Amino acid sequence: MSATVFTDAYVVAKRNIIKIKRVPDLLVFTTLSPIMFVLLFAYVFGGAINVPGGADPDAYREFLMAGIFAQTVIFGATITGAGLADDVKKGIIDRFRSLPMAPSAVLTGRTLSDVVNNVIVLVVMALTGLLVGWGIHSSPAEAALGFLLLLVFAYAISWVMAWLGMLVPSVEVFNNATFIVIFPLTFVANTFVPLETLPAPLQTFAEWNPVSAVTQASRELFGNIPAGVPTPDAWPLQHAEVYTLIWTGVFLLIFVPLANMQYRRSTSR
Amino acid sequence: MTPAIVAQGLVKKYKDVTALDGVDLTVPTGTVLGLLGPNGAGKTTIVRILTTLLQPDAGSAEVAGIDVLAAPRAVRRKIGLSGQYAAVDEYLTGYENLEMIGRLYHLGRRRSSERARELLASFRLEDAADRPSKTYSGGMRRRLDLAGALVADPPVIFLDEPTTGLDPRGRTEMWDVIQTLVAGGTTLLLTTQYLEEADLLADDIVVIDHGRIIAHGTSDQLKQQVGGERLELTVRDASRLDEARTLLEPLAVGPATVEANRRALLFPVQGGAQTLTEALRVLDGAGLMLDDVGLRRPTLDDVFLSLTGHVSEDEPVSEKAGV
């Protein structure tokens, strides 16, 4: 039984990956917008933002990249939701549900193809980062762990999005809803500015925001925090990796069953 | 032989709307059942329950001898579904769409690929097989969607409004395809809003309205319920309408309807073509000129009107037979 889950998920993932290939615009735009963000922040805001460890723009670029990575993989995780919203609407989910395939395969295949998409996007962004003066100052193993943590965290978000995508009536609603939630979540964090610059209530929120933790963790793993800069006192940031994994686990534990339940219930509208 | 589809007492309620209110159905193996009704009558809800997509609030159903509620996955191995929308992935090619479905029916890599090519050929999609289905016409997408339902050669097929939204040419093509399919002995449940379609394709017709079955029978039986054939004629000279009526009265089995503004007469008759020939001989003998004449069998529109008291939400289909 479990063997069919994997082959079925593979068949579904293949479908979504063909789509990445057929609609290169999708990949181009999901990659272009983070590149634009890198350039905007590095050259427009960068000069005005002081980060611990130096006031020069180079220090900001070192600081910036992990934040942009985090924001981008989270947006990458919305592809699942938008795709499912579209599939429900077009009756493709009806077709899948009428087939003798493993019921969880559609969602597993979908979320796995987000990972593929995120890997491609991360590669493009890392290259852009290197061009604007970012660098990895840790061991290859640590760096790999940094990227892995970003991907794992985004994978958990994919399941939240899968659930949401089947709940909303259309792709447009889904995109607007996620935009409204993801933008503040990824900005009220240590992604683009140091936490110390935020007003107190927002700072507390940002400290406990899992996006801050995943950013902090990958920043540390890429060796982008200059020697002597202290880690903020908040527990989540002191234990950024653990805290990230806790959220990842919580998201998966709640939303994998919820999304599967919603899938079994959803029919085209 | 056990029937391919049996449903008993299906009830489905959504908040304050009763979509299905106790529906019983039996479809003998190898036959075509046409589920006919206007929009919102409950046709799609029936299909969704029988294809395991939706749980009824009450009632039971068996497809291919398997309990739909107890063993949905076993049922899915025996059915093919083609829905109201062409549920094809527009970014995949026709071939990729069918190959994917084959894999998900667990036909194996090689068989899936062979079957996809076979179906593309028999649905006249060979030339478009390796183009993304986005580039297909509406009719081609529907055929691809229908092909998807046939990938595993399932014994029971459900087609939910297979021609809704197609242009007349696409519709005729779809009918051809369905007729070929049915000739092969597949059991088919077909929903439609088109009376003409049910008449053409189905062995048995179930008329449904507001979640209830209001009539059941063959197309001929349903027409009988409304009355037999009628002789309809239009005279050239309005002043001779009464004369025509008097001449033909002996041939009729009931009182005539006169539509003076159309210079038309309608007689209930028996005997079909023979009565028609007889009528023409009488009128010709009297030197009475006609603009139009024909035997008119009641259409399913007439059936619907007499059963529900309202017309189906479809343009009337005029049908003349036997001329």
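All figures in this text were calculated on a predicted structure; none of them were measured in a lab. Letters go in sequence order (proteins before strands), and every chain restarts at 1.
Counting heavy-atom neighbours within 6.0 Å of A/F29 CZ, excluding the residue itself, gives a total of 12 or less. Other residues, nucleotides and ligands contribute over 12 non-hydrogen atoms within 6.0 Å of the CZ atom of B/R117. At most 12 non-hydrogen atoms from other residues, nucleotides or ligands lie less than 6.0 angstrom from CZ of B/R109. Surrounding CG of B/D127 are at most 12 heavy atoms belonging to other residues, nucleotides or ligands under 6.0 Å away.
In this structure, CD1 in B/I101 is found 8.5 Å from OG in A/S98, a value given to the nearest 0.5 Å.
Nearest heavy atoms, B/M100 versus A/V11: CG-CG1, 3.7 Å. Taking both residues in full, the closest heavy atoms of B/A87 and A/G91 are given as CB-O, 3.3 Å, listed atom of the first, atom of the second, then distance. Closest of all the heavy-atom pairs between A/L99 and B/R76 is O-CD, 3.2 Å. Taking every heavy atom of both residues into account, A/R22 and B/P132 meet most closely at CD-CG, 4.1 Å.
Checking side-chain atoms of B/R103 against main-chain N and O of A/D8 turns up no donor-acceptor pair under 3.5 Å. Without hydrogens or angle criteria, B/R48 side chain to A/D94 main chain gives no donor-acceptor distance under 3.5 Å. At distances below 3.5 Å, not a single donor-acceptor pair connects side-chain atoms of B/R77 with backbone N or O atoms of A/P100.
Residue contact with chain A, scored on non-hydrogen atoms closer than 4.5 Å, is absent for B/A74. Contact annotation for A/K21: neither backbone nor side-chain heavy atoms come within less than 4.5 Å of a heavy atom of chain B. In this structure, no portion of B/Q55 lies under 4.5 Å from any heavy atom of chain A. Of the two parts of B/T93, the backbone and the side chain both hold a non-hydrogen atom closer than 4.5 Å to a non-hydrogen atom of chain A.
For chain A, the option among B/P72, B/A152, B/P154, B/G148 with the highest count of heavy-atom pairs below 4.5 Å is B/G148. With respect to chain A, the highest number of heavy-atom pairs below 4.5 Å among B/E96, B/E99, B/E90, B/K134 belongs to B/E96.
Under the side-chain hydrogen bond (donor to acceptor under 3.5 Å, both in side chains) test applied with A/R95, the options B/N97, B/D145, B/T51 reduce to a single match, B/D145.
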